2 protein chains.
Amino acid sequence: MEPVALSWHREERADAARNRAHLVEVAREMVAELGADRVTMDGLAERAGLGKGTVFRRFGTRSGIFHALFDEEEKHFQRQLISGPPPLGPGAPPVERLLAFGRARIEFLVSHTTLARAALDIGRPVPGRSPMLFHVQVLLAEARPDDAKSGALALQLVAALEGPILLYLQSEDDEPGFEVDDLVASWQLLARRVTAPTAAPPARR
Amino acid sequence: MEPVALSWHREERADAARNRAHLVEVAREMVAELGADRVTMDGLAERAGLGKGTVFRRFGTRSGIFHALFDEEEKHFQRQLISGPPPLGPGAPPVERLLAFGRARIEFLVSHTTLARAALDIGRPVPGRSPMLFHVQVLLAEARPDDAKSGALALQLVAALEGPILLYLQSEDDEPGFEVDDLVASWQLLARRVTAPTAAPPARR
DNA sequence: AACTGAAGCGGACTGTACCCCGCTTCTCAA
DNA sequence: TTGAGAAGCGGGGTACAGTCCGCTTCAGTT
């Protein structure tokens, strides 16, 4: 009888895992040293002492590398959300948590802008099942159980949060653009108003 | 006395303008025929009977081509905003216009997704002075003169509108993802609540 | 320990975005 | 009409992302 595949994913082989870890480490060095845009696949492979094929096998695409790097940072952030102290973590009322989330997320993204942007891959868009999305959706549902059924609202709030930094705003140098505090304040305004109890029944039409 | 440069931009030379127009035309054909991702600079140059250098001189970058194509569509859209019939154009109360804008913009982006995405260029982000941003900012200021001072709110609402389509959503094929109607409905909810008269004075803190 | 199929590896190869620079064409003023 | 300088043009050159496939290494099995 042939072995039944219980998990969809066979474990990564030991040497492969070793190489992945090493590549991530070297990549981080190179990003720190040269900036993300000067990191090339060939350069990374060479400096890591591995073949180019290996790099691509591990990360699939150039932005895959930055995605991997960024993901490590994300994990720290997510840990705050699920087991950190309130109001960011559990234990505060949903709206409070939403507001805290907004500030924390914006500050996080601002301090990781280059990586976050380098990790973006147009054509293969951000996975629909992102933890950020889920988090906002849950909080939203707690705060206003009536709406938010489709998840579109959560998606849009996340986009309102991340879009300006990922997509629209000149990251650094030259003119000021927007201040972080403005973004935080106005997202919090948005979140508060969306979750505020509706005074009158929703307008006809 | 040497001539003073009154405008920052000397007019484009006649042959150059001719070439640009021709390139745009050929590019549009090729996009329709092959899909945006199979349009190459060399291919475009060859099919247009021009040198590769010329293509780059005119559009600067690959996504520049799609940007040019997309801009033409945008112009039609913007015309609706500034001189079309209400509620999209002028003549309706601001909140009505905002709601109409949301629907129109989402439908517009959905029907031009591939071009819009191809026009995206990470690294050189969307110009801060976009007409969309301005439009939303004005309507917002009319509806709620008290807040929206920094413009961040308008930016975030635009991001909420465009982000899901440009960045987060799998554009076509496979599973449903989100329905356009969900996006429209929930953005309108967002817009309505943000502009709704606040019941109580803004919460302390 | 030896075997074996799967997983991983390397690096030559390909396609393409973007640069460069000598040559051509335009524009405008005299 | 012509001369001069600027703007535009072409296409070969470069660098890099991503593919391919024959060889090597691993990890269970006997």
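Keep in mind it's a predicted model, so treat the numbers as computed, not measured. Excluded from the calculations below are hydrogen atoms, water molecules and symmetry mates; all remaining heavy atoms, backbone and side chain alike, are included. Order of the sequence lines sets the chain letters (A, B, ...), proteins ahead of strands, with each chain counted from 1.
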Distance in angstrom units between A/His22 NE2 and C/dG8 C1', rounded: 17 Å
Let's see if you get this right: which residues in residues 48-73 of chain A place a heavy atom under 4.0 Å from DNA chain D? A/Lys52, A/Phe56, A/Thr61, A/Arg62
Base, sugar-phosphate, or nothing for B/Ala14, non-hydrogen atoms under 4.0 angstrom? sugar-phosphate
Does anything in residues 23-38 of chain A reach DNA chain D, meaning a heavy atom under 4.0 Å, and if so which residues? none
Side chain to side chain contact (heavy atoms under 4.5 Å, CB included), that's the test. Do A/Phe108 and A/Glu73 meet it? Break it down for me. CA-CA 9 Å; A/Phe108 174 80; A/Glu73 310 293 325; 3.9 Å; yes
Separation of A/Asn19 atom CG from D/dC26 atom P, in whole Å? 10 Å
Decide yes or no on side chain to side chain contact (heavy atoms under 4.5 Å, CB included) for B/Leu98 and B/Trp187, but give the supporting numbers first. CA-CA 10 Å; B/Leu98 214 49; B/Trp187 194 83; 4.1 Å; yes
Using a 3.5 Å distance criterion without hydrogens, assess whether the side chain of B/Arg144 forms a donor-acceptor pair with backbone atoms of B/Ala196. yes
Select from B/Ala16 and A/Val39 the residue whose nearest nucleotide in DNA chain D is closer to the 5' end of that strand. B/Ala16
Closest heavy-atom pair and its distance - A/Tyr168, B/Gly163: OH-N, 4.4 Å
Rounded to the nearest Å, what distance is computed from the CG atom of residue B/Leu44 to the C1' atom of nucleotide C/dA17? 13 Å
Atom-pair distance (CG on A/Asp42; C1' on C/dC13), nearest Å: 12 Å
Taken to the nearest whole Å, CZ/B/Arg13 to C1'/D/dA7 is 4 Å
How are the rings of B/His112 and B/Phe70 set to each other: parallel, tilted or perpendicular (split at 30° and 60°)? perpendicular
Check: A/Leu81 main-chain N/O paired with A/Arg97 side-chain donor or acceptor under 3.5 Å: yes
Here the distance between atom C1' of C/dC18 and atom CE of B/Met41, to the nearest Å, is 8 Å
For the pair A/Arg62 (side chain) and A/Val39 (backbone), establish whether a donor and an acceptor sit closer than 3.5 Å, ignoring hydrogens and angles. yes
Is the side chain of B/Arg117 donor-acceptor paired with the backbone N or O of A/Ile122 at a distance under 3.5 Å, no angle test? no
Nucleotide C/dG8, atom C1' - distance to CD of A/Glu11 in whole Å: 15 Å
Interatomic distance, CG@A/Asp181 vs OG@A/Ser186, rounded to 0.5 Å, equals 11.5 Å
Take atom CD of B/Glu46 and atom C1' of C/dT16, then tell me their distance rounded to the nearest Å. 14 Å
